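Data first, discussion second: the structure below is written as structure tokens.
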Amino acid sequence: MTPASLVPCLTACLALLTAGVRAENTPAQSARIKWWTDARFGLFIHWGPVSLRGTEIGWSRGEQVPAREYDELYRRFNPTNFNAREWARTAKEAGMKYLVLTSKHHDGFCLWDTAYTDYNIMHTPFGRDVIKELSAACRHEGIRFCLYHSILDWYHPDYPLDSPGGRGKKPNANMDHYNLYLKNQLAELHRKYGPIGIYWFDGEWEAPWNNERARDLFQHVRQLDPKALINNRVGKGREDMAGTTKTGALAADFDTPEQRVGKFQNDRPWESCITMCEQWAWKPNDKMKSATQCLRTLIQCAGGDGNLLFNVGPMPDGRIEPRQVERLREMGAWLKKYGVTIYGTRGGPFKPGTWGASTFNGRTLYIHLFDLKGGKLELPPIKGRIVSHKLLTGGTATVTQSPTGISITVPPSNRQVTDTILALKLDVPVDSLAPVEVK
Ligand code: H79
């Protein structure tokens with residue numbers, strides 16, 4: 001290779017290293033992430049001693065629960081009904097393909113046997129390594145095991161900020177020491193329980209975290225496991241709860257909208273994290289979403305070309321609430337029938353809205369109809385011909401295509417409560433069609 005021909009090569013490498021917003025959208029990156037974009041649906045689990053109080057994990061420290069009291073909860077954390085196999089099976093029965101567990105939330109408590117702090121599960125009356133058991137159970141059930149890990153740590157004496165919510169300051173903090181703690185623990189998690197499918201970071205917004213530390217952590221984790229996915233919260237570029245990444249910032253592998261369905265975005269992977277109830281951690285009698293709400297949330301994510309990471313907070317006795325397990329089963333039952341319209345699909349070309357959403361695979365376009373006002377929907381025109389159509393949910397629909405658009409009519413008896421699915425076969429690959437808004 002001549003020095004001149006090295007230039008484009010070096011430029012490409014530099015682009016990869018700087019990992020700008022869309023710079024990692026290379027074929028290698030796409031192959032690495034495909035298992036995950038194909039999966040579309042994962043289980044988020046927020047758990048720790050705070051479940052004994054039923055308040056929010058991390059955030060209630062120094063608020064609803066005095067910090068001193070919060071930090072002592074682990075001494076009586078004894079979830080004797082914890083059964084890793086059951087959790088993994090619950091995820092599987094829900095039709096989920098991966099599971100993300102809080103190894104450490106903002107409160108600093110560690111759910112595994114770590115050599116770097118005594119504030120961990122082995123020092124509770126329970127004394128069993130939750131991450132060891134759950135990672136093994138997930139592997140057994142064919143669920144990818146992933147970790148949520150908070151960058152900020154309101155408990156650790158070396159992390160500069162304190163509860164409540166990072167407003168307090170610690171007297172003897174040392175961020176360099178804390179940074180080493182963070183990196184050591186991630187290496188330990190990889191070594192003891194890897195491979196980890198995703199390192200799902202959070203708590204990056206506070207002042208002690210900066211671009212330099214972010215890049216260093218990103219490279220550290222990439223080196224630990226080049227195949228693992230890393231979310232954009234490793235860096236400082238997240239646009240609040242919309243979860244998209246500011247141009248030029250360290251973007252890593254995917255965007256992270258929180259408690260909302262992400263906007264349609266098919267040029268960079270994303271995943272909405274959303275709670276089944278209202279709190280991340282378990283709360284007695286927390287308000288739970290209906291089966292229709294849960295499923296439509298998943299369908300809207302898939303239709304926007306994103307994933308859904310759906311959260312449950314297990315109880316202090318170690319079980320996931322039976323009513324939440326039941327809800328997950330309902331989602332799984334639906335996916336068993338209609339998973340072909342979700343798994344391995346892309347979102348579009350019709351952007352999601354209150355009307356529903358669309359997904360596709362090859363030349364097959366799936367129209368998910370939510371609220372068919374007057375039994376009819378008008379879609380904008382597309383540059384392709386509808387060769388045939390079929391209502392996957394049963395019965396027949398009337399579909400007419402003209403230069404002004406596509407008109408769909410479904411008789412009342414063929415409309416479903418949650419989602420009426422119409423499959424359209426086109427004479428062109430659906431990914432050749434430009435994304436379009438439905439009015
Ligand atoms: O773990 C769950 C929550 O505990 C955690 N993320 C999910 C996955 C969470 N972190 N923050 N929040 C929830 C809400 C906090 C929002 C704010 Fe901010 C923190 C408002 C101001 C500081 C981050 C930075 C969002 C806006 C600016």
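Read the numbers this way: they start at 1 and go in the same order the structure lists the ligands and their atoms. As a basis for the values below, the full set of heavy atoms in this structure was taken, side chains included, without hydrogen atoms, waters or symmetry mates. What you see is a predicted model; the values in this text were computed from it and never measured.
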Exercise for review: Report yes if the distance between the aromatic ring centroids of Trp280 and Tyr148 is under 6.0 Å, otherwise no.
Suggested key: no
Practice item. State, without any angle test, whether Thr418 and Thr292 hold a side-chain donor-acceptor pair at a distance under 3.5 Å. Key: yes
Review point. Hey, what's the ring geometry for Tyr119 with Phe109, parallel, tilted or perpendicular (30° and 60° as the breaks)?
Key: perpendicular
Exercise for review: Assess the pair His149 and Trp200: is the distance between their ring centroids shorter than 6.0 Å?
Suggested key: no
Review point. Among all residues two or more places apart in sequence or in another chain, which pass the ring pair (Phe, Tyr, Trp, His ring centres under 6.0 Å) test with Tyr178?
Key: His156, Tyr159, Tyr181
Check your understanding: Is it true that the side chains of Thr256 and Asn231 contain a donor and an acceptor less than 3.5 Å apart?
Key -> no
Show me the short polar-atom pairs for ligand 1: any N or O of it lying under 3.5 Å from a protein N or O, with distances only.
{"residue": "ligand 1", "atom": "1 (O)", "partner": "His46", "partner atom": "NE2", "Å": "2.6"}
{"residue": "ligand 1", "atom": "1 (O)", "partner": "His105", "partner atom": "NE2", "Å": "2.8"}
{"residue": "ligand 1", "atom": "1 (O)", "partner": "Tyr148", "partner atom": "OH", "Å": "3.3"}
{"residue": "ligand 1", "atom": "4 (O)", "partner": "Trp59", "partner atom": "NE1", "Å": "3.2"}
{"residue": "ligand 1", "atom": "4 (O)", "partner": "His105", "partner atom": "NE2", "Å": "3.1"}
{"residue": "ligand 1", "atom": "6 (N)", "partner": "Asp202", "partner atom": "OD2", "Å": "2.7"}
{"residue": "ligand 1", "atom": "6 (N)", "partner": "Glu258", "partner atom": "OE1", "Å": "3.1"}
{"residue": "ligand 1", "atom": "6 (N)", "partner": "Glu258", "partner atom": "OE2", "Å": "3.1"}

